[in-house]
Structures are given as structure tokens and as C-alpha cells.
Amino acid sequence: MMKKMDVEVYSFDTEIGDKVKISKDGQYATRNRCGGTDITCCIDYFEKRNDMTTCIIFTDGHFSPS
């Protein structure tokens, strides 16, 4: 996916964190958030970014529904 378009990856818990650095070969990423998960912060962030067309959320399954 990263070869076809610009991809921004952010970690989050109850707020959006800094952009996650991903290696060019896609082999590793730095995790910088941990704790309770609130999907609402992701949706709010995505809605404010008019330059984004798609939002994909990965979670371990433990989150507060929005």
C-alpha cells in the first residue's frame, strides 16, 4: 500500500499520538502508545483532516465503542 500512495500511521489510546516511524521495507514500526483505547479520537482526527480519504483502524479488540 505504501508503494501506491502516501500512508500516515499514528498510534493512539485516548488521543492521537505522534506519527509512527516505519522502515522503508516495512519490517518494523515503533509503538509509542499503550493503555485504554477510545476509537472516538481516531474518528474525530480523521474528520478534521480534509486531505485524508481513508481511515483504517487496527486494534487488539479492547476499545470503547464510539
Side-chain angles (χ1 to χ4, degrees):
M1 190 164 53
M2 291 173 62
K3 292 179 182 179
K4 301 285 183 186
M5 64 186 74
D6 292 331
V7 175
E8 293 182 13
V9 177
Y10 295 87
S11 62
F12 69 96
D13 46 25
T14 57
E15 61 185 24
I16 299 295
D18 295 331
K19 193 184 303 185
V20 176
K21 295 178 182 178
I22 300 176
S23 67
K24 291 184 184 220
D25 59 8
Q27 294 300 311
Y28 65 89
T30 303
R31 181 176 161 198
N32 58 10
R33 293 280 178 163
C34 185
T37 304
D38 181 1
I39 299 295
T40 304
C41 70
C42 295
I43 304 303
D44 291 345
Y45 182 78
F46 175 70
E47 289 176 345
K48 290 177 186 173
R49 293 281 306 264
N50 295 326
D51 60 324
M52 292 184 167
T53 59
T54 305
C55 177
I56 302 171
I57 299 172
F58 294 97
T59 177
D60 61 3
H62 297 283
F63 63 91
S64 301
S66 54

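These values consider heavy atoms only, across backbone and side chains, with no hydrogens, waters or symmetry-generated copies. Everything numeric here is computed off the predicted structure, so don't read it as measured data.
Inter-residue side-chain proximity for M52 and Y45 is flagged as met; some heavy-atom pair is nearer than 4.5 Å.
Atoms SG and CD1, on C41 and I57 in that order, are 8.0 Å from each other to the nearest 0.5 Å. One finds the CD atom of E47 at 9.5 Å from the SG atom of C55 (value rounded to the nearest 0.5 Å).
In terms of the side-chain hydrogen bond (donor to acceptor under 3.5 Å, both in side chains) criterion, residue partners of E8 (sequence neighbours excluded) are, by chain and number, Y10, R49. Applying the ring pair (Phe, Tyr, Trp, His ring centres under 6.0 Å) rule to F46 yields no partners; only residues at least two apart in sequence or on another chain are considered.
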TODO: Check the pair F12, I39 against side-chain contact (heavy atoms from CB on, under 4.5 Å), reporting the backbone distance first and the verdict last.
DONE: CA-CA 9 Å; F12 69 96; I39 299 295; 4.2 Å; yes
